[in-house]
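One structure is given here, and the rest of the page talks about it.
All values derive from a computational prediction rather than experimental measurement. One is the number of the first residue; the rest follow in order along the sequence. Atoms within each ligand, like the ligands themselves, are counted from 1 in listed order.
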Amino acid sequence: MSIMATELERLDAVAERLGLDPPIHQHLRHPKRSLIVSVPIRTDSDELEIFTGYRVQHSMTLGPSKGGIRYHPDVDLDEVTALAMLMTWKCALMSLPYGGAKGGVRCDPLKLSSRELERLTRRYASEIFLCIGPDRDIPAPDMGTNEQIMAWIMDTYSMQRGATVPGVVTSKPVLLGGSLGRVEATGRGVAYTTAEAMAHLGLPLSGARVVVQGFGNVGSVAADLLSGMGCRVVAVSDVHGGITNPEGLDIRALQALVRAGKAVREYPEGEVITNEELLELSCEILVPAALGGQLTAGNARAVQARLIVEGANGPTTGEADRLLRDRGIFIVPDILANAGGVIVSYFEWVQDLQFFFWKEDEVNSRLRDILMGAFRRTLGLARQEGVDLRTAALMEAVSRVARATKLRGIYP
Ligand code: NAD
């Protein structure tokens with residue numbers, strides 16, 4: 001089942017539980033706008049290569065749409081649409097004044113030089129220029145993209161507008177109007193929600209064994225903060241495979257290794273494992289922080305964690321969700337666990353609109369307030385309705401967007 005089919009199935013189940021009006025339910029099933037663009041670039045060897053890019057705006061009911069841009073060989077319209085819809089729910093769950101969007105280019109960024117990446121980014125940004133902007137749709141990084149790519153998008157947009165427009169993207173370098181704390185925000189939110197979920201389960205954080213799939217922006221920060229909270233990170237991985245050591249890994253040393261352009265499996269003090277083996281390791285906390293669709297009917301029975309915190313978007317299929325729930329494994333769903341990024345992106349946008357910047361501890365404490373507030377509300381609703389946390393989070397988010405849709409009415 002595709003990620004979009006999984007997310008629609010989840011929406012349908014929640015719509016039924018909420019007793020949503022069928023027309024509103026249908027409205028929410030469809031993205032507002034989907035743009036497919038071709039992105040031709042000249043390679044360094046002066047050949048023409050053509051990539052395909054997407055930008056899907058699922059909803060703008062609660063405000064301008066917000067969502068990352070992914071550079072990955074598997075990017076397609078189905079995936080981008082599902083991720084855009086998840087952004088609508090995530091922003092609504094966090095009570096942010098945003099709808100949801102997502103974008104991507106089907107490419108392997110590891111195979112492109114820096115100059116090729118810049119040309120690809122600038123051409124993609126030009127192609128989606130008409131539908132982005134601080135008052136309509138605000139991109140941010142996702143897998144395969146970073147601060148530098150956001151800087152190129154901001155510059156391309158600004159050149160076409162004839163004025164510097166920092167609020168068009170978030171997670172920019174701080175020098176260009178980025179927010180302090182944004183780079184770490186998603187991983188920080190994963191760490192906060194992990195601590196809250198462990199407390200809810202009555203399990204000690206100190207000494208808890210953590211396994212992290214994906215050692216990029218989200219996974220490496222979450223691993224670092226969790227190890228700072230007293231957890232023992234026993235395995236991490238990247239696209240090339242993983243490394244495990246039951247005694248615990250030195251996360252700072254691994255971060256330095258990755259910064260030097262190496263793969264995590266080159267870390268000397270551990271045993272090399274595959275990404276598949278990593279998901280089945282004995283641990284208390286499993287943090288999938290790479291691609292979607294990693295926990296499936298095929299491996300859910302072998303997962304040994306007590307708690308799964310979804311750093312990635314859509315890492316658990318519907319069938320895996322049911323199997324894991326039946327086995328008593330507690331899941332903090334993506335739209336709650338990884339919302340730290342969009343919360344601080346919201347702060348960045350507010351700062352850019354006002355040209356007035358906050359201190360980092362102010363950013364982090366406001367992040368904590370919003371995220372922990374949402375966590376507790378969701379947990380309360382889950383208890384009240386006798387449902388799991390994912391269903392409760394979706395119920396809260398979908399009903400908020402549905403109520404706003406009803407209030408605004410259907411144009412014309
Ligand atoms: P990133 O590009 O910084 O890092 C991705 C990591 O995953 C890298 O270590 C990469 O090697 C690894 N990876 C790629 N393909 C893999 C595979 N097939 N198997 C195992 N590992 C693989 O990306 P990121 O920003 O950390 O995003 C990771 C996930 O978190 C994505 O699902 C993204 O949608 C989600 N997310 C990111 C943010 C954010 O602010 N960056 C916010 C919310 C959710």
Side-chain angles (χ1 to χ4, degrees), residues 3 66-75 79-80 82-84 86-87 89-91 93-94 100-104 107-110 117 139-150 169-172 178-179 181-190 193 211-224 235-243 254-255 257-259 261-266 273-279 287-295 299 309-316 332-348 367 371:
I3 175 166
K66 186 89 190 77
I69 290 174
R70 179 174 288 195
Y71 287 180
H72 193 276
D74 294 342
V75 164
E79 180 185 78
V80 176
L83 294 172
L86 275 174
M87 284 306 297
W89 310 144
K90 193 182 301 179
C91 293
L93 182 64
M94 298 299 136
K102 203 80 182 189
C107 66
D108 186 348
L110 298 178
L117 262 182
D142 191 79
M143 270 196 15
T145 55
N146 55 25
E147 283 193 344
Q148 176 61 71
I149 287 172
M150 295 307 112
V169 287
T170 56
S171 209
K172 298 174 293 294
S179 177
R182 172 60 186 93
V183 174
E184 303 82 13
T186 310
R188 185 175 293 280
V190 168
T193 50
V211 168
V212 181
Q213 186 193 44
F215 200 69
N217 175 272
V218 180
S220 71
V221 173
D224 184 39
V236 300
S237 68
D238 59 23
V239 66
H240 307 292
I243 186 98
L254 273 157
Q255 286 175 325
L257 195 90
V258 169
R259 267 198 304 277
K262 296 189 176 158
V264 296
R265 65 177 182 205
E266 293 176 60
I273 49 170
T274 64
N275 264 293
E276 293 72 33
E277 287 165 339
L278 172 124
L279 296 172
V287 181
L291 288 178
Q294 296 298 295
L295 296 167
N299 61 11
V309 184
E310 294 184 340
N313 285 309
T316 312
V332 184
D334 43 13
I335 60 172
L336 185 55
N338 70 35
V342 75
I343 294 171
V344 177
S345 274
Y346 165 59
F347 298 160
E348 179 172 329
L367 159 65
L371 194 57

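Remark: Lys90 NZ to Met94 CE distance equals 8.5 Å, nearest 0.5 Å.
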Side chain to side chain contact (heavy atoms under 4.5 Å, CB included) evaluation trace for Val169 with Ile69
CA-CA 10 Å; Val169 287; Ile69 290 174; 5.9 Å; no

Given Thr193 and Leu371, is the side chain to side chain contact (heavy atoms under 4.5 Å, CB included) satisfied, shown in steps?
CA-CA 8 Å; Thr193 50; Leu371 194 57; 4.0 Å; yes

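When atom types are taken as modelled, the side chain of Glu310 and the backbone of Asn338 share no donor-acceptor pair closer than 3.5 angstrom. Using a distance-only test at 3.5 Å, with no hydrogens or angles considered, a donor-acceptor pair links the side chain of Asp334 to the main chain of Gly314. The closest donor-acceptor contact from the side chain of Asn217 to the backbone of Val183 lies under 3.5 Å.
When each atom of ligand 1 is checked for a heavy atom of Ala312 under 4.0 Å away, the hits are 29 (C), 30 (O), 32 (O), 35 (C). Below 4.0 Å from some heavy atom of Val239 lie the following atoms of ligand 1, by number and element: 10 (C), 11 (O), 12 (C), 13 (N), 14 (C), 15 (N), 16 (C), 21 (N), 22 (C). Close contacts of ligand 1 with Gly144, meaning ligand atoms under 4.0 Å from a residue heavy atom, involve 2 (O).
At least one N/O-N/O distance between Val218 and ligand 1 falls below 3.5 Å. Polar contact with ligand 1: present for Arg70 (N/O pair, distance under 3.5 Å). For ligand 1, the polar-atom distance check finds no N/O of Gly341 at less than 3.5 Å from any of the ligand's N/O atoms. Considering backbone and side-chain N/O atoms, Gly214 never comes within less than 3.5 Å of an N/O atom of ligand 1.
In this comparison of Asn217, Asp74, Val183, Ile335, the heavy atom closest to atom 41 (N) of ligand 1 sits on Asn217.
The single protein non-hydrogen atom nearest to atom 39 (C) of ligand 1 is Thr186 OG1, 3.4 Å, given as residue, atom name and distance. Protein heavy atom in closest approach to atom 6 (C) of ligand 1: Gly216 N, 3.7 Å. Atom 9 (O) of ligand 1 has its closest protein heavy atom at Phe215 N, 3.0 Å. In terms of protein heavy atoms, atom 31 (C) of ligand 1 is closest to Ala290 O, 3.1 Å. Looking only at heavy atoms of the protein, atom 34 (O) of ligand 1 is closest to Asp142 OD1, 2.6 Å. Looking from atom 19 (N) of ligand 1 to the surrounding protein, the closest heavy atom is Asn275 ND2, 3.6 Å. Scanning all protein heavy atoms for the shortest distance to atom 30 (O) of ligand 1 gives Gly311 O, 3.4 Å. Nearest protein heavy-atom neighbour of atom 27 (O) of ligand 1: Met143 CG, 3.5 Å.
With a 4.0 Å cut-off on non-hydrogen atoms, Asn338 touches ligand 1 through its backbone as well as its side chain. Using a 4.0 Å cut-off between heavy atoms, Arg182 contacts ligand 1 through its side chain alone, with no backbone atom that close. Contacts with ligand 1 closer than 4.0 Å are made by side-chain heavy atoms of Leu291 only, the backbone lying farther away. Residue-level proximity to ligand 1 for Asp238 is carried by backbone and side chain together, each with a heavy atom below 4.0 angstrom. Contact annotation: for Ala289 versus ligand 1, heavy atoms closer than 4.0 Å belong to the backbone alone. No part of His240 comes within 4.0 Å of ligand 1, judged by heavy-atom distances.
Side-chain atoms of Asn146 and Pro141, non-hydrogen and from C-beta on, never get closer than 4.5 Å to each other. Between Pro109 and Leu117 there is a side-chain heavy-atom pair separated by less than 4.5 Å. Residues Asn299 and Glu276 have side chains not in contact (no heavy-atom distance under 4.5 Å, counting atoms from C-beta outward). Contact of the Val344 side chain with the Arg188 side chain is not registered, since no non-hydrogen atoms from C-beta on lie closer than 4.5 Å.
Thr145 and Arg70 share no side-chain donor-acceptor pair at under 3.5 Å.
A salt bridge does not link Glu79 with Lys102: none of the charged nitrogens is closer than 4.0 Å to a carboxylate oxygen.
Between Asp108 and Pro73 the shortest heavy-atom distance is CB-CG, 4.0 Å.
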